[in-house]
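This report refers to the structure that appears directly beneath it.
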Amino acid sequence: MTQDMVTLGFDQIIARLQEHAVSQAARQALAATAPIMNEGLCKARMDETTAALFVMKNAGAPPLAETDGPAGSLAEALRGGMLLPAQLTATARFCVAVRRMRRYLQGAQAYNAGIASWQTALPDLNALEDEIERSIREDAILDDASPALRDLRRQRERAEHEIREKLNQVLSRHRQELADSYITQRGGCYVVPVQKRFQGIFPGRAVDSSAKGNTVFMEPAAVSALRRTLEGLLIDIDSEERRILWLLSDRVASEEGPLRDAIRAMTDLDALFARAKLSDEMGARPAELTAERRIRLVEARHPLLDPSACVPLNLDLSLPDSGVAVTGPNTGGKTVCLKTVGLLTLMAQSGLHVPCGEGTVIGMMDGVLCDIGDSQSITQSLSTFSGHMTNVIRILRDCSRDSLVLLDEPGSGTDPAEGSGLAAAILEELLRRGCFFMVTTHDPQIKQWAEQTEHVISARMAFDRASLMPLYRLELGKSGESCAIEIARRLGMDEGLLARARQVADHGPGAKPEQKRRQMHLPASRLQRLAVKPAGGFERFRMGDSVALLPEKKTAIVYRPADDDGNVVIQIQGRKMTVRHNRLKLLVPADQLYPPDYDFSIIFDTVANRKAAHTLSRKFDPGAVIVLKEGKPDQGKGT
């Protein structure tokens, strides 16, 4: 899968397609899905998908089967290996699925579906199915697999019955010697628990003992001969079962040709119906394929977008026109338009249905080449512009007359004048080659080039200026504006900046800004710097700083910064006091504890003072009294 296909999302379509396959082999085959270059084969593949969808909607889901297990069993049988009952059961189930699929395809003839002819590719495996099911069922070998096996298993049942009867007699006759009345198995022998003190008189041989040694598990002598007879029967039964499995394995190997044909056909049908299931899931339909130079999309949708939110795309491009220049606002759907055209072309040419309306025609291309998105690569030392140019150079190297080229804003990411020149030169070269191309642009020179150049169609993505919302609708024959300023306003850009942007756009960057233009709010810096102490001075602190009072190390809050004499007023335990600056150690600066406009009266004033201040701020009140208490100098250890 090429990088162009990945850019357009074709890999995601293939991943969704693989999810509808039943077998791993079909998923691997679908992984190789790619555009078909042969016109006849391409149309046949599309017709097959259409027929499969029609049959599936009328006859129900096809009886597909997983093919990996039968293929592995066949390979093992061909190597001379013995298949286990589970492998033979899986092979028989596959034969059943082949028979049902043949019947399903025969029923498709009633709908005149060409897919019915696939029944001839499915061989008749009824004989192999019957032979396996006569001997194997539910992963087990049946008694009737052979007369000898049936007789041996009956003898085994009689031997086991005699052993049980003998053991029950031992339990009844030797109840006194036994530690408990039950029968168990140790070392492949049927044993009973005998008390240690009766080991010497109990008729039998010791096989095992309990953890403490108080109980000995002994095989009664009357059972030993019957056990040896049973062991011989088990050996004979195992030999007969193996003989039957070998015969059935050889039988599977003898059907190598029919089984391989069935596996191949079932895998192909699995892949075919996966395409039909994907079509049904997407609400897609067959597009008319043509080798003529034409693309006509009717109500086309991008298959990876939500159908309920996707605006259908209509496009008609045919000779003598060969190029479309799409303009319009950012976030208006220009890139989605390019990807829709490219992705639907890849899908249709791969035999897949596309989500579109009736009348859609897709011309076959020998390649879909695109430069969409940011091509920047740090590991390859490519800037955005370098990445785009690398892509474009590759496209020009590979592009033929029958290619489809999709370019998203060519010439962007560099000097506008030089970028416009490069874009025009690239588009002129594509026009000279005669290939189909679509390009998106905001460049006014490229817009002008498209309007004035023969065989190039101008188009725009519609934009509602009233609501400042893109409409995501392609309109041919018209050029659109980028509407960058309107979109920025819708996204919340400051009106003052928008006014300046409009002024520069209309009169150039030399236009002087309006003197009365409202300035944007400047947020306070969030950077926390270390306070620089003046040489020979002392730290003055700030109101609200959290400090430690030394040597007591009690936490206090600075009420008044240090004066010129180095005295600081602090509040500690609800009272204010004055101390020397060198008795304080900064713990947390105020700007880390409180917002910029914090009202420190909440911390330092009494409730009565705050109420009085609030009253006096509104009106004169002769009864309102504010009491101010300065901190008294600390008579402690200050210096």
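Residues Asn391 and Arg394 form a side-chain contact, since some pair of their non-hydrogen atoms from C-beta on lies under 4.5 Å apart. Leu369 has its side chain out of reach of Leu404: every pair of non-hydrogen atoms, C-beta onward, lies at least 4.5 Å apart. Within the 4.5 Å cutoff, side-chain heavy atoms of Leu122 are placed close to those of Leu269. Between Leu427 and Phe437 there is a side-chain heavy-atom pair separated by less than 4.5 Å. Here the side chains of Asp321 and His455 are in contact, with some heavy-atom distance below 4.5 Å. Residues Pro355 and Leu344 meet the side-chain proximity criterion, which asks for heavy atoms closer than 4.5 Å. Using a 4.5 Å cut-off on side-chain heavy atoms (C-beta onward), Val439 and Val405 make no contact. Leu431 has its side chain within reach of Val456: a pair of non-hydrogen atoms, C-beta onward, lies under 4.5 Å apart.
Put simply, the side chain of Thr440 gets close to the backbone of Glu409: a donor and an acceptor are under 3.5 Å apart. Although no hydrogens or angles enter the test, the distance criterion places a donor-acceptor pair under 3.5 Å between the side chain of Thr290 and the main chain of Glu292. Not one N or O on the side chain of Asp402 forms a donor-acceptor pair closer than 3.5 Å with the backbone of Met365. Proximity of a side-chain donor or acceptor of Glu66 to a complementary backbone N or O of Gly69 within less than 3.5 Å is detected. Within the 3.5 Å criterion, the main-chain N or O of Pro312 finds no donor-acceptor partner in the side chain of Glu299. In this structure a side-chain-to-backbone donor-acceptor pair under 3.5 Å is missing from Thr441 to Ile446. Arg301 places a side-chain N or O within 3.5 Å of a backbone atom of Met282 that can act as its donor or acceptor partner. A donor-acceptor pair is defined here as one N or O able to donate and one able to accept, closer than 3.5 Å; no such pair exists between the side chain of Thr360 and the backbone of Cys356. Arg100 places no side-chain N or O within donor-acceptor distance of the main-chain N or O of Pro62, the cut-off being under 3.5 Å.
Checked against salt bridge (Lys or Arg N to Asp or Glu O under 4.0 Å), Lys43 has the following partners two or more places apart in sequence or in another chain: Glu39.
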Quiz prompt | CA sep, side-chain torsions, deciding dist, call: Asp408, His388, side-chain contact (heavy atoms from CB on, under 4.5 Å) | solution = CA-CA 9 Å; Asp408 193 14; His388 283 306; over 6 Å; no
Quiz item: Could you walk me through whether Gln106 and Arg103 pass the side-chain hydrogen bond (donor to acceptor under 3.5 Å, both in side chains) check?
Solution: CA-CA 5 Å; Gln106 289 170 0; Arg103 189 182 307 121; over 6 Å; no
Practice problem: Start with the C-alpha gap between Leu407 and Ile426, add the side-chain angles, then the distance that decides, and say whether side-chain contact (heavy atoms from CB on, under 4.5 Å) holds. | Solution: CA-CA 10 Å; Leu407 301 179; Ile426 293 166; 4.0 Å; yes
Self-check item: side-chain contact (heavy atoms from CB on, under 4.5 Å) between Leu297 and Leu313, worked out
Solution: CA-CA 7 Å; Leu297 300 181; Leu313 173 67; 4.1 Å; yes
Exercise. Evaluate the criterion side-chain contact (heavy atoms from CB on, under 4.5 Å) for residue pair Trp118 and Asp268; output intermediate values, then yes/no.
Key: CA-CA 10 Å; Trp118 273 89; Asp268 291 342; 3.4 Å; yes
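Ile362 contributes atom CD1, which lies 9.0 Å from atom CD of Gln349 (distance to the nearest 0.5 angstrom). A distance of 13.0 Å separates CZ in Arg99 from CZ in Phe94, rounded to the nearest 0.5 Å. A distance of 12.0 Å separates CH2 in Trp449 from CG in Asp443, rounded to the nearest 0.5 Å. Cys95 SG to Glu255 CD: the interatomic distance, rounded to the nearest 0.5 Å, is 8.0 Å. Atom OG of Ser322 sits about 9.5 Å away from atom CZ of Arg401, to the nearest 0.5 Å. Atom CG of Asp371 is separated from atom CG of Leu406 by 10.0 Å, given to the nearest 0.5 angstrom.
Residues Val354 and Met347 share a closest heavy-atom pair of CG1-CB, 3.9 Å. Among all heavy-atom pairs drawn from Leu317 and Gly323, the shortest one is CD1-N, 4.0 Å. The two residues Val22 and Ala65 have their closest heavy-atom pair at CG1-C, 4.1 Å. When every heavy atom of Ala61 is checked against every heavy atom of Tyr104, the shortest pair comes out as O-CE1, 3.8 Å. Minimum interatomic distance between Phe436 and Ser318 (heavy atoms only, all atoms of both residues): CZ-CA, 4.0 Å. The two residues His353 and Ser279 have their closest heavy-atom pair at ND1-OG, 2.8 Å.
Of the charged side-chain nitrogens involved, none lies within less than 4.0 Å of a carboxylate oxygen, so that Arg296 and Glu288 do not count as a salt-bridged pair. A salt bridge between Asp261 and Arg264 is present, with a side-chain N of the basic residue lying under 4.0 Å from a carboxylate O of the acidic one. The residues Asp270 and Arg275 are annotated as not salt-bridged, no charged nitrogen and carboxylate oxygen being separated by less than 4.0 angstrom. Here Arg294 pairs with Asp316 in a salt bridge; the nearest charged N to carboxylate O distance falls below 4.0 Å.
Counted by atom type alone, His442 and Thr327 present zero donor-acceptor pairs between their side chains at under 3.5 Å. Side chain to side chain, Asp306 and Ser308 meet the donor-acceptor criterion of an N or O pair below 3.5 Å. Looking at Ser23 and Asp68, their side chains never bring a donor and an acceptor atom within 3.5 Å of each other.
Under the salt bridge (Lys or Arg N to Asp or Glu O under 4.0 Å) criterion, the residue pairs touching residues 8-17 are Arg16-Glu281, with sequence neighbours excluded. Within the structure, every pair that satisfies the salt bridge (Lys or Arg N to Asp or Glu O under 4.0 Å) test and touches residues 429-440, not counting sequence neighbours, is listed here: Glu429-Arg432, Glu429-Arg433.
The environment of CD in Gln452 is crowded: more than 12 heavy-atom neighbours from other residues, nucleotides or ligands sit within 6.0 Å.
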